[in-house]
Amino acid sequence: MAQRTALITGITGQDAAYLAKFLLEKDYRVVGTYRRTASSNLWRLEEMGVLDRVELIPMDLLEMTNVVRVIQKVRPSEVYNLGAQSFVGVSFEQAVYTSQVNAIGVCYLLEAVRALDGAARFYQASTSEMFGKVREEPQNEDTPFYPRSPYAVAKVYAHYMTVNYREAHGLHASCGILFNHESPLRGREFVTRKITASLAKIAHGQQDVLELGNLEAKRDWGYAADYVRGMWMMLQHPHGDDYVLATGESHSVREFVDKAAECAGFRLAWEGEAVSARGIDRASGKTIVRVNPDFFRPAEVESLRGDASKARRVLGWQPEVTFEQLVEIMMRADMDRAARGRLLHLRF
Ligand code: NAP
Ligand code: GDD
């Protein structure tokens, strides 16, 4: 069989690093698109040991001519659209930009695939954020959407656009409605990585306190490596379709903090309620976790829990890493980074 070519947008991101490694192991030619920036941000590909095996090509989802030419030049057999302004918090302040990248950018890409010959299989990174103010629990492919942020609204547009190109133009196009998935390669602005990096710095005497927003928000957190396998499985199925990928378990931010603190060698006692809540290290009596209202969102997604039974039934997909294992993997990696002085002080 001829070698298959995968084009991954957003190659500098978390998921792309795991997906690139996964596809290279399956002998794909992997081409990744990146935005030109003043400083290089290829550290994730380097950590995965695949930097020299991925072909890199500059492409911005905001520039339609660029998108079209990249598709024509690469002639991919599979396109994984992972590029996005992916931070929900920022989308409230950058609503127009987020819409242009996460919604209109996807339309450019679908048009480019259609214009080539429509043969490339297409994966769109849809999200559990689309369920927002949830209408039922757990959420599956038939649960109505109620997006709660500009990020999620733009993703709903991209989701239905992908469905429409499948139905109207016959594209093999699939949407993965993925619940939160994390790893040691997660961006530091997301809550899980913020927690593990900060607790590692506190344990190594490099930081005093971890400040968080809504401790009661609940998410269905899985491991990124499990989820990129699911993306690939969707494109191997004879027909494009939409699938939820999730663990089926939901935990609060506070539970994540408790488990991570335990892995970092702390035992926390909680005092106070809501914005006055504090996590106190029992051994030293010091407050190491507190709430800062700056980190609350104008509209919150309170609780998400996914039902991935369709992906299990049709694709044979299921997650392998549990919540406890995920926290341990992330905490271990950040303790190691902190020990080597590799964690910058960031205040997101
Ligand atoms: P990530 O680490 O934030 O990566 C996003 C990627 O998109 C980065 O490479 C980023 O480039 C790129 N990007 C941003 N703006 C772009 C633009 N204008 N043109 C081209 N590329 C652009 O996100 P991730 O966690 O890997 O997530 C991958 C995708 O899945 C995203 O679409 C996200 O919305 C979606 N998703 C993620 C999760 C999750 O829990 N991780 C769940 C559901 C859906 P820079 O490095 O230059 O910023
Ligand atoms: N980032 C952040 N920082 N979130 C906090 C904090 C904080 O200090 N304190 C509490 N939270 C809460 C947020 O309010 C939210 O309810 C929850 O923690 C998770 O926030 P994030 O880790 O930023 O992720 P997200 O759920 O908003 O979005 C991620 O998952 C989506 C899938 O559901 C992103 O990866 C999205 O791109 C993805 O679509």
Side-chain angles (χ1 to χ4, degrees), residues 8-19 32-37 39-45 58-63 66-67 70 80-91 97-98 100-102 104-106 108-109 123-132 139 147-149 151-152 154-155 158-159 175-183 185-195 198 210-224 227-228 231 245-246 252-254 256-257 289 291-304 306 347-348:
I8 306 176
T9 70
I11 196 66
T12 56
Q14 168 190 260
D15 288 5
Y18 282 95
L19 181 63
T33 77
Y34 68 97
R35 294 192 293 173
R36 188 266 156 192
T37 45
S39 334
S40 163
N41 52 3
L42 298 167
W43 65 274
R44 292 185 173 95
L45 295 175
M59 190 196 87
D60 198 309
L61 282 164
L62 294 179
E63 168 64 61
N66 185 199
V67 172
V70 166
Y80 295 87
N81 181 33
L82 307 186
Q85 191 302 89
S86 72
F87 189 43
V88 173
V90 156
S91 78
Y97 172 77
T98 301
Q100 281 164 342
V101 178
N102 296 8
I104 304 302
V106 183
Y108 294 159
L109 205 45
Y123 174 85
Q124 168 57 18
S126 289
T127 164
S128 51
E129 279 291 302
M130 301 188 306
F131 297 121
Q139 297 84 48
R148 294 272 281 171
S149 64
Y151 166 82
K155 285 282 186 176
H159 179 89
C175 298
I177 307 173
L178 270 48
F179 283 63
N180 299 48
H181 45 280
E182 319 290 316
S183 75
L185 302 187
R186 187 58 143 150
R188 291 268 302 270
E189 66 273 45
F190 299 97
V191 77
T192 55
R193 190 71 213 297
K194 179 175 173 180
I195 293 167
S198 300
L210 160 64
E211 288 190 335
L212 293 167
N214 181 7
L215 294 173
E216 313 314 329
K218 294 179 88 177
R219 289 292 182 276
D220 179 330
W221 278 299
Y223 182 43
Y227 288 59
V228 301
M231 295 176 189
L245 298 187
S252 67
V253 170
R254 191 192 291 260
F256 195 104
V257 173
V289 186
V291 173
N292 179 340
D294 287 352
F295 296 115
F296 281 87
R297 292 180 178 168
E300 176 65 296
V301 172
E302 298 292 348
S303 179
L304 291 171
R347 197 177 172 280
F348 289 118

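First listed ligand is number 1; within each ligand, the first listed atom is number 1.
For Asp15, heavy-atom contacts with ligand 1 shorter than 4.0 Å involve the backbone as well as the side chain. For Phe296, no heavy-atom contact with ligand 2 is shorter than 4.0 Å. Under 4.0 Å from ligand 1, not a single heavy atom of Phe87 appears. The backbone and the side chain of Ser86 each have at least one atom closer than 4.0 Å to an atom of ligand 2 (non-hydrogen atoms only). Contacts between Lys155 and ligand 2, counted as non-hydrogen atom pairs separated by less than 4.0 Å, are absent for every part of the residue. Only the side chain of Arg35 comes within 4.0 Å of ligand 1, counting heavy atoms alone; its backbone N, CA, C and O stay farther away.
The shortest distance between side-chain heavy atoms of Leu62 and Tyr108 does not fall below 4.5 Å. The shortest distance between side-chain heavy atoms of His159 and Ile177 falls below 4.5 Å. Residues Ile11 and Arg44 have side chains not in contact (no heavy-atom distance under 4.5 Å, counting atoms from C-beta outward). Counting heavy atoms from C-beta outward, Ser149 and Glu129 have side chains that approach closer than 4.5 Å. Taking the side chain as every heavy atom from C-beta outward, Phe87 and Thr98 never approach each other to under 4.5 Å. When side chains are defined from C-beta on, Met231 counts as touching Leu82, because their heavy atoms get closer than 4.5 Å. For the pair Asn180 and Ser128, the minimum side-chain heavy-atom distance is below 4.5 Å. Side chains of Phe256 and Val191 form no contact here, defined as non-hydrogen atoms less than 4.5 Å apart.
Atom numbering of ligand 2 starts at 1 in the shown order; those under 4.0 Å from a heavy atom of Asn214 are 9 (N), 10 (C). The Leu212 neighbourhood of ligand 2 comprises atoms 8 (O), 9 (N), with distances under 4.0 Å to a heavy atom of that residue. Below 4.0 Å from some heavy atom of Phe295 lie the following atoms of ligand 2, by number and element: 8 (O). Atoms of ligand 2 found under 4.0 Å from any heavy atom of Glu300, numbered from 1 in the order shown, are 13 (C), 14 (O), 15 (C), 16 (O).
Glu63 has no carboxylate O lying under 4.0 Å from a charged side-chain N of Arg35, or vice versa, which leaves the two without a salt bridge.
The heavy atom nearest to atom 36 (N) of ligand 1, out of those in Phe179, Trp221, Tyr18, Tyr151, is found in Tyr151. The option from Val90, Leu178, Val253 that lies nearest to atom 12 (C) of ligand 2, judged by heavy atoms, is Val253. In this comparison of Arg186, His181, Met130, Glu129, the heavy atom closest to atom 35 (O) of ligand 2 sits on Arg186. Closest to atom 1 (N) of ligand 2 by heavy atom, among Lys218, Glu189, Glu302, is Glu189. With Gln85, Arg219, Arg297 as candidates, the residue nearest to atom 21 (P) of ligand 2 on a non-hydrogen basis is Arg297. The option with the heavy atom closest to atom 24 (O) of ligand 2, from among Val191, Asn180, Val88, is Asn180.
Between Gly10 and ligand 1, a contact under 3.5 Å exists for at least one N or O pair. Checking only distances, Ser126 never comes within under 3.5 Å of ligand 1, N or O to N or O. Between Asn81 and ligand 1, no N or O atom pair is found at a separation short of 3.5 Å. The N/O atoms of Ala84, backbone and side chain alike, include one that comes under 3.5 Å of an N/O atom in ligand 1. At least one N/O-N/O distance between Leu82 and ligand 1 falls below 3.5 Å. For the pair Thr192 and ligand 2, the shortest N or O to N or O distance does not fall below 3.5 Å. Considering both main-chain and side-chain atoms, Gly213 comes within under 3.5 Å of ligand 2 through a nitrogen or oxygen pair. For Gln14, a nitrogen or oxygen atom sits less than 3.5 Å from a nitrogen or oxygen atom of ligand 1, counting backbone and side chain alike. Between Gln85 and ligand 1, no N or O atom pair is found at a separation short of 3.5 Å. Below 3.5 Å of separation, one finds no N or O of Trp221 facing any N or O of ligand 2. Backbone and side-chain nitrogen or oxygen atoms of Leu61 are examined, and one is located within less than 3.5 angstrom of a nitrogen or oxygen of ligand 1. Considering backbone and side-chain atoms together, Ser128 places no N or O closer than 3.5 Å to any N or O of ligand 1.
Counted by atom type alone, Asn102 and Gln85 present zero donor-acceptor pairs between their side chains at under 3.5 Å. A donor-acceptor pair shorter than 3.5 Å can be found between the side chains of Ser183 and Gln14.
Of the protein's heavy atoms, Gly13 CA, 3.3 Å lies nearest to atom 4 (O) of ligand 1. For atom 9 (O) of ligand 1, the nearest non-hydrogen atom of the protein is Thr12 OG1, 2.6 Å. Scanning the protein heavy atoms around atom 23 (O) of ligand 1, the nearest turns out to be Ser86 OG, 3.5 Å. For atom 8 (O) of ligand 2, the nearest non-hydrogen atom of the protein is Lys194 NZ, 2.7 Å. Protein heavy atom closest to atom 39 (C) of ligand 1, with residue, atom name and distance, is His181 CE1, 3.3 Å.
Take Glu302 and apply the side-chain contact (heavy atoms from CB on, under 4.5 Å) test, not counting sequence neighbours, and it matches Asn214, Glu300.
In this structure, Val101 is part of the shell of residues with a heavy atom less than 4.0 angstrom from ligand 1. At least one heavy atom of Lys155 sits closer than 4.0 Å to an atom of ligand 1. The shortest heavy-atom distance from Arg186 to ligand 1 is under 4.0 Å. Under the 4.0 angstrom criterion for non-hydrogen atoms, Ala224 is not in contact with ligand 1.
Below 30°, between 30° and 60°, or above 60°: for His181 and Tyr227 the angle between ring planes is below 30°, a parallel geometry.
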- request: Walk me through it: do Glu189 and Lys194 pass the test salt bridge (charged side-chain N to carboxylate O under 4.0 Å, His left out)?
  value: CA-CA 6 Å; Glu189 66 273 45; Lys194 179 175 173 180; over 6 Å; no

